[in-house]
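Note: hydrogens, waters and symmetry copies are ignored here, and every other heavy atom, side chains too, is used. FYI, the numbering just counts along the sequence from 1. It should be emphasised that the depicted structure is a prediction, and the values quoted were computed from it without experimental measurement.
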Amino acid sequence: MRNISLIAATVCLSATVAMAQDFTAGTWIDLTHSFNAESVYWPTADTFEQTEVFAGETEGGYYYSAYNFAASEHGGTHLDAPVHFAEGALSADQVPISQLVGPGFVIDVTKQAASDVDYLVTADDIRAFEAEHGTIPAGAIVLLNTGRAGLYPDRESYMGTAERGDDAVAKLHFPGLGVDGAELLVERKINAVGLDTPSIDFGQSGDFATHVMLMTNNIAAFENVADMSALPPTGSTIIALPMKIEGGSGGPLRIVAHIGDQ
C-alpha cells in the first residue's frame with residue numbers, strides 16, 4: 001500500500017512539474033498603457049498628475065530623482081475591484097492573487113466593434129468562440145479585444161468625447177460587454193474579465209448592469225487594457241497585479257501576458 005502511495009505521489013508531482021510554465025522562455029507582452037498626463041480617465045474623475053520633488057545632481061555628487069503622483073483609482077489601465085459595484089464584495093487589497101493570474105482566453109470582436117461603436121459583446125459571441133476553441137474553464141481570465149487600444153489616448157476617438165464633467169458622460173461611445181455575456185461568464189466561473197475600453201459596460205450604459213452582474217459574483221474587471229493583437233485566442237498566461245490599496249474600489253494595474261514556446 002505504501003509503495004502504491006509513493007507511486008501516486010510521484011505521478012502527481014511529475015504532472016505538476018510538467019504543467020508548470022517556464023517563464024524564463026517564451027514571449028512577454030505588456031498589456032498596460034503608461035501612466036502620464038494623457039492617460040484616459042472617466043470625465044468626472046481626477047486625472048493623473050506627476051510632480052517633481054527633485055531630479056539632478058545632489059550635493060553628495062550622485063544623481064537622485066523622486067516624484068509625487070496623484071490620481072483617481074479608476075483611470076488608465078486599471079482594476080475594478082468587485083466592491084466597486086457590490087456592497088461587501090472584495091476590495092482591491094482583498095482580491096486574491098490566484099484570481100489575478102490565470103490562463104488567458106482572448107475573444108476577438110474587432111470586426112463587430114469597427115462597424116458599431118456601441119457594440120455589446122454577447123453570449124452568442126462567447127459561444128461562437130467556445131465552438132472553435134473549447135469551453136472557457138473555471139479560473140480563466142477572459143480578455144475582450146474590441147480593437148480600440150490603438151485609439152488610446154485620444155479621448156475623442158477612444159471614448160467618444162474629450163469633454164470633462166458630468167455633461168460629458170452622456171456623450172461617451174465605446175463597446176462593452178453585454179449583460180447576457182456577463183451572465184455566461186459568471187456561469188463559467190471565470191476569475192476576471194478585461195477589455196480595451198474605459199469601462200466593462202458600454203459607453204451609453206445608464207445602469208452599469210454588466211458591472212453589477214460581474215461584481216455581485218466577486219469577478220474583477222480590467223479596463224483600458226492595451227493592445228491585445230499579439231495574443232493568441234488561447235495558450236497565454238495573464239498576470240494582472242494592481243496597486244494594493246486597502247479598502248480600495250480599484251487601482252492602477254500592471255497587466256502582462258506570457259506566451260510559452262510552442
Worksheet item: Between Glu130 and Arg188, does a salt bridge (Lys or Arg N to Asp or Glu O under 4.0 Å) hold up when you go through it step by step?
Response: CA-CA 11 Å; Glu130 291 182 322; Arg188 295 291 186 265; 2.8 Å; yes
Discussion item. For a quick check under 3.5 Å, do Tyr158 and Asn224 share a side-chain donor-acceptor pair by atom type?
Written reply: yes
Worksheet item: Between His74 and Ser249, do the side chains contain an N or O donor and an N or O acceptor separated by less than 3.5 Å?
Response: yes
Worksheet item: Do Leu120 and Leu177 come close enough that some side-chain heavy atom pair is under 4.5 Å?
Response: no
Worksheet item: Below 4.5 Å, heavy atoms only, C-beta onward: do Lys171 and Glu163 meet side chain to side chain?
Response: yes
Discussion item. Measuring from atom OG of Ser199 to atom CG of Leu172, what distance do you get when rounded to the nearest 0.5 angstrom?
Written reply: 9.0 Å
Practice prompt. Examine Phe202 together with Phe174 and report whether their ring centres are nearer than 6.0 Å.
Written response: no
Worksheet item: For the atom pair CG (Asp46) and CD (Glu73), what is the distance rounded to the nearest 0.5 Å?
Response: 11.5 Å
Worksheet entry | Flag for Thr110-Asp108: side-chain donor and acceptor within less than 3.5 Å | yes
Worksheet item: Will you find, in the side chains of Ser91 and Asp93, an N or O donor that is under 3.5 Å from an N or O acceptor?
Response: yes
Discussion item. Just verifying a value: how many Å separate Thr51 OG1 and Asn68 CG, rounded to the nearest 0.5 Å?
Written reply: 4.5 Å
Fill in: Glu223 side chain vs Gly75 backbone, donor-acceptor pair below 3.5 Å
no
Response to the item:
Output for pair (Asn36 CG, Phe48 CZ), nearest 0.5 Å, gives 7.5 Å
Worksheet item: How are the rings of His133 and Phe129 set to each other: parallel, tilted or perpendicular (split at 30° and 60°)?
Response: tilted
Item to complete: Kindly compute the distance separating CE (Met213) from CE (Met215), expressed to the nearest 0.5 Å.
Response: 12.5 Å
Worksheet entry | pair Ile29-Thr27: side-chain heavy atoms closer than 4.5 Å | yes
Item to complete: Would you tell me whether Thr146 and Asp196 have side-chain atoms, one donor and one acceptor, within less than 3.5 Å of each other?
Response: yes
Response to the item:
In this structure, CD1 of Ile239 is separated from CG of Leu31 (nearest 0.5 Å) by 11.0 Å
